[in-house]
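Below is one structure, written out as structure tokens; comments come after it.
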Amino acid sequence: MMATDREAAQPRNVNRSPEYAPLLQVEGLRKHFTVTRGFPKRETVTVRAVDGVSFSIAPGEALGLVGESGCGKSTAARALLRLIEPDAGRVLYRGQDVTAARGGDLRALRQRMQIVFQDPYSSLDPRQTIGSALIEPLRLHGIARGPAARDRAAALLEEVGLPPSALDRFPHEFSGGQRQRIGIARALTVEPELIVADEPVSALDVSVQAQVLLLLRDLQRRRGLSFLFVSHDLSVVRWFCDRVAVMYLGRIIEEGPVDRVLRDPLHPYARVLRDASPVPDPALRGALPRLTGELPSAASPPRGCHFHPRCPRALPVCATAYPGWTATGQGGVACHLHGPGTPAA
Ligand code: SF4
């Protein structure tokens, strides 16, 4: 499905010219957690889950945020929505500071940015009908009440491929794919411009994944939605997204157009991640060794480049200095191989 539908999905007109204002701008976002661990000797450590993350999303664009489990991508998504409070950094939505917003301003901003979770079942109240789950946000945001709200909820269900009769049923009566459609319908109730999709298809069977991805792509086109698409699955990101940002231990280590980054990754970690993923065209795979070793703990990241203990191309400097960000035309990379005055890649 992915390879054949990809061509039809590609030619979209996302404006990223320098003078065009981004829809969402994230600058130096940081979220650390203090945790107690160890037995019998207990110690308190700081986990640097998100450690200075920056990116932007243009109107109508889909940005993939990828990396291994535990790299901080879901925490970054929740922190930018302020579902958890960030420690530092700024999030600007159409130039308005989300991180500083309070009360009604924050509610209005949250209306513009909605999240779709990996497991919609855990975000649906099992005692609440689908109708009341959809009508509640319509009422709370003053969008519709009474019969008009019910009509609107029914129309939303039809838009995501479910019959209006679903309004009177409960979450346990639906399959995983149907529940994800309900989660998407609920996100759409408040007419958002940006959807943060946190591993939206990874809990679904492959055939159902394809249907939900096609639905999301269809909604993106019809409604002009922007997406932050959090995923560990590069083949899904490759199909759905315009750009991709690769995270490692709480930081973005490469970012750029999805075709370029997955065809010719500059950062050795992005390359190994790409090579480890089921990319449809085997000719695109490189000859580098597979990733060895565990993802280090974000409580004690290695000194220098965090990737250097696992990096097949590490230089002496990599063990002592974290690489700066080097712009690469339409993106950038944090790697000493590509910094100014360092050896050619
Ligand atoms: Fe590898 Fe050094 Fe680049 Fe880190 S900075 S990815 S260790 S080459």
Side-chain angles (χ1 to χ4, degrees), residues 26-32 46-55 63-76 89 230-235 237-238 241 243-279 284-345:
V26 177
E27 299 172 349
L29 192 68
R30 198 177 76 199
K31 182 66 190 177
H32 294 177
T46 300
V47 176
R48 299 163 172 267
V50 179
D51 204 22
V53 161
S54 302
F55 58 82
L63 174 73
L65 192 58
V66 305
E68 286 171 277
S69 174
C71 72
K73 53 192 188 299
S74 289
T75 304
V230 178
S231 179
H232 69 280
D233 187 336
L234 290 196
S235 61
V237 166
R238 182 184 180 81
C241 296
R243 299 173 65 79
V244 63
V246 184
M247 280 187 77
Y248 188 78
L249 276 190
R251 297 184 181 180
I252 290 177
I253 51 88
E254 183 163 1
E255 195 252 327
V258 73
D259 280 343
R260 200 281 296 156
V261 172
L262 297 188
R263 185 188 65 246
D264 185 22
L266 298 173
H267 195 286
Y269 173 69
R271 181 167 287 266
V272 176
L273 198 67
R274 190 282 308 272
D275 286 3
S277 123
V279 177
L284 295 176
R285 290 167 181 262
L288 284 175
R290 293 297 171 91
L291 198 56
T292 56
E294 295 281 307
L295 180 70
S297 167
S300 50
R303 192 159 168 254
C305 171
H306 296 343
F307 186 56
H308 86 264
R310 305 167 87 189
C311 181
R313 303 186 64 186
L315 306 166
V317 66
C318 302
T320 55
Y322 194 88
W325 186 255
T326 302
T328 58
Q330 293 184 56
V333 62
C335 174
H336 288 301
L337 292 171
H338 302 281
T342 50

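Whatever order the structure lists them in is the order used to number ligands and atoms, beginning at 1. Please read these numbers as outputs of a predicted model, since none were measured by experiment. Computed from heavy atoms alone, side chains included, the values below leave out hydrogens, waters and symmetry copies.
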Under 3.5 Å, side chain of E254 to main-chain N/O of H267, donor-acceptor pair present? yes
Against heavy atoms of L337, which atoms of ligand 1 measure under 4.0 Å? 8 (S)
So, does K73 use its side chain to make a donor-acceptor pair with the main chain of G67 at under 3.5 Å? yes
Just to confirm my output: which protein heavy-atom neighbour is closest to atom 5 (S) of ligand 1, and how far is it? H336 N, 3.2 Å
What are the atoms of ligand 1, with element, lying closer than 4.0 Å to any heavy atom of C311? 1 (Fe), 6 (S), 7 (S), 8 (S)
At a threshold of 2.8 Å, where the distance has to be below it, does atom 3 (Fe) of ligand 1 have an N, O or S atom of H308 nearby? no
Could you check atom 3 (Fe) of ligand 1 against the protein and tell me its nearest heavy-atom contact, residue, atom and distance included? C335 SG, 2.3 Å
Quick check: does any side chain N or O of S54 sit under 3.5 Å from a backbone N or O of G28, one acting as donor and the other as acceptor? yes
Need the ligand 1 atom indices (1-based, order shown) with element for anything under 4.0 Å from a heavy-atom of C318. 2 (Fe), 5 (S), 7 (S), 8 (S)
Pick one of side chain, backbone, both or neither for how R313 approaches ligand 1, counting any non-hydrogen atom pair under 4.0 Å. backbone
Quick one about S231 and D233 (side-chain donor to acceptor, distance below 3.5 Å, no hydrogens or angles considered), yes or no? no
Is R274 close enough and on-axis enough to Y269, meaning under 6.0 Å and within 45°, for cation-pi? no
Report yes or no: does H336 contribute a side-chain atom to a donor-acceptor pair with the main-chain N or O of P316 at less than 3.5 Å? no
Taking non-hydrogen atoms only, is C305 closer than 4.0 angstrom to ligand 1 via side chain, backbone, both or neither? side chain
Which residue holds the protein heavy atom closest to atom 6 (S) of ligand 1, what is that atom called, and what is the gap in Å? H267 CE1, 3.3 Å
Specify whether Y248 and F307 have parallel, tilted or perpendicular ring planes, treating 30° as the upper limit for parallel and 60° as the lower limit for perpendicular. perpendicular
